[in-house]
Amino acid sequence: MPRQSQAYNHGLQILQVPGYVVIHYESMHDVRFIPLDGRPHLPGNIRLWNGDSRGHWEGNTLVVDWTNFDPRQEYEGAPQGNMHFVERFTRVDAKTINYEVTVDDKTTWTKSWKFLLPWRADDGNYQKPEDLYEYACHEGNYRQMEDALSGSRVVESAAGK
């Protein structure tokens with residue numbers, strides 16, 4: 001995180017519930033709960049794998065301050081422990097949210113930098129909530145496929161008799 005690009009399982013769902021914004025990422029089935037109540041960040045010695053997010057609204061833009069990452073996590077090939085992100089989610093139209101991120105880590109880069117991505121809701125793969133798939137490893141599924149095909153052949157054979 002943050003999400004710049006992804007070849008597959010790139011869907012997400014954004015929910016606003018009382019006191020929080022929740023972002024459910026299809027990949028790795030990550031879920032971020034972003035408090036909107038003005039509480040401070042966790043103490044700096046508490047490091048979370050996906051960091052600590054705090055949000056507030058500036059007009060129609062959700063601004064999320066994101067820090068306190070576990071140093072074992074990486075972003076752009078650098079340890080994420082000292083990184084600080086400010087995300088801005090701005091709805092541009094009925095099908096587009098601009099996702100703008102400021103990246104800051106003086107131990108990795110000489111100055112802060114930004115990127116902006118339009119998140120589009122018109123991807124044909126993601127039109128309904130059930131279009132988000134569970135992201136799971138499927139090693140060894142060749143046995144499952146063999147068994148499913150063998151079972152189907154038995155059913156087909158029995159139906160043909």
Side-chain angles (χ1 to χ4, degrees), residues 1-139 141:
M1 297 195 198
R3 303 291 167 110
Q4 283 181 272
S5 65
Q6 195 163 322
Y8 61 94
N9 291 105
H10 59 279
L12 59 92
Q13 184 177 41
I14 301 174
L15 305 168
Q16 185 173 354
V17 299
Y20 294 87
V21 168
V22 180
I23 304 176
H24 169 227
Y25 299 95
E26 180 178 33
S27 177
M28 304 304 285
H29 46 78
D30 280 330
V31 178
R32 288 176 60 199
F33 290 86
I34 303 167
L36 302 174
D37 59 6
R39 72 181 75 175
H41 279 288
L42 295 172
N45 64 332
I46 298 176
R47 300 299 177 137
L48 305 176
W49 187 254
N50 286 328
D52 181 43
S53 300
R54 298 292 186 258
H56 67 275
W57 290 98
E58 291 180 4
N60 67 341
T61 298
L62 172 65
V63 180
V64 178
D65 191 80
W66 199 8
T67 189
N68 291 5
F69 293 91
D70 185 301
R72 295 172 293 176
Q73 183 78 291
E74 289 188 359
Y75 176 72
E76 294 293 312
Q80 210 168 344
N82 294 319
M83 291 196 188
H84 177 236
F85 302 104
V86 176
E87 299 172 296
R88 301 177 69 79
F89 301 83
T90 306
R91 190 165 193 170
V92 177
D93 58 42
K95 298 223 178 249
T96 310
I97 293 176
N98 275 347
Y99 177 59
E100 178 183 334
V101 180
T102 301
V103 180
D104 185 45
D105 179 357
K106 302 292 190 259
T107 62
T108 302
W109 294 288
T110 57
K111 62 180 181 176
S112 299
W113 54 278
K114 290 184 181 185
F115 67 87
L116 172 75
L117 291 173
W119 284 358
R120 303 274 309 158
D122 57 0
D123 183 330
N125 294 311
Y126 300 102
Q127 294 303 306
K128 302 178 292 293
E130 61 268 22
D131 291 335
L132 292 178
Y133 292 101
E134 177 188 8
Y135 183 87
C137 297
H138 298 286
E139 308 90 337
N141 273 359

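Every value quoted in this text rests on a predicted model; they were computed, and no experiment measured them.
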Worksheet entry | Test side chain to side chain contact (heavy atoms under 4.5 Å, CB included) applied to W66 and M83, step by step | CA-CA 9 Å; W66 199 8; M83 291 196 188; over 6 Å; no
| message | Could you check whether atom CZ of R39 has more than 12 heavy atoms from other residues, nucleotides or ligands sitting under 6.0 Å from it? | response | yes
H84 side chain to D65 side chain, donor-acceptor N/O pair below 3.5 angstrom: yes
Yes or no on side chain to side chain contact (heavy atoms under 4.5 Å, CB included) for L48 and F69, after CA distance, side-chain angles and deciding distance? CA-CA 5 Å; L48 305 176; F69 293 91; over 6 Å; no
Separation between CH2 (W119) and OG1 (T90), nearest 0.5 Å, reads 11.5 Å
Quiz item: Taking atom CZ of R91 as the centre, does the number of heavy atoms from other residues, nucleotides or ligands within less than 6.0 Å exceed 12?
Solution: no
Review point. So do the side chains of V86 and V63 get within less than 4.5 Å of each other, counting heavy atoms only?
Key: yes
**Message:** Is the shortest side-chain heavy-atom distance between N98 and T61 below 4.5 Å?
**Reply:** no
Between the main-chain N or O of H24 and the side-chain N or O of Q13, is there a donor-acceptor pair closer than 3.5 Å?
no
Checklist entry - Parallel, tilted or perpendicular: which describes the rings of W113 and F115, with under 30° parallel and over 60° perpendicular? => result tilted
Checking R54, K114, R32 against E87 for salt bridge (Lys or Arg N to Asp or Glu O under 4.0 Å), the one that qualifies is R32
In D104, T67, T107, T108, the residue satisfying side-chain hydrogen bond (donor to acceptor under 3.5 Å, both in side chains) with N82 is T107
For this session: With the side chain counted from C-beta on, respond yes when V21 and I14 share a heavy-atom pair under 4.5 Å apart, and no when they do not.
Result: yes
Minimal heavy-atom distance between Y99 and V101, with the atoms involved, is CZ-CG2, 3.3 Å
Note: W49 and R72 closest approach over all heavy atoms is CZ3-CB, 3.7 Å
Taking every heavy atom of S112 against every heavy atom of T102, the minimum-distance pair comes out as CB-CG2, 4.2 Å
Closest non-hydrogen atoms of L42 and N68, given as atom of the first, atom of the second and distance, are O-ND2, 2.9 Å
The reported gap from CG in L62 to CD1 in I23 (rounded to nearest 0.5 angstrom) is 7.0 Å
Output for pair (E100 CD, L116 CG), nearest 0.5 Å, gives 5.5 Å
R88 side chain near E58 side chain, heavy-atom distance below 4.5 Å:
yes
* To do: Show your working on side chain to side chain contact (heavy atoms under 4.5 Å, CB included) between V22 and V31 and close with a plain yes or no.
  => CA-CA 7 Å; V22 180; V31 178; 3.6 Å; yes
Within the 4.5 Å heavy-atom criterion, are S53 and H41 side-chain neighbours or not? no
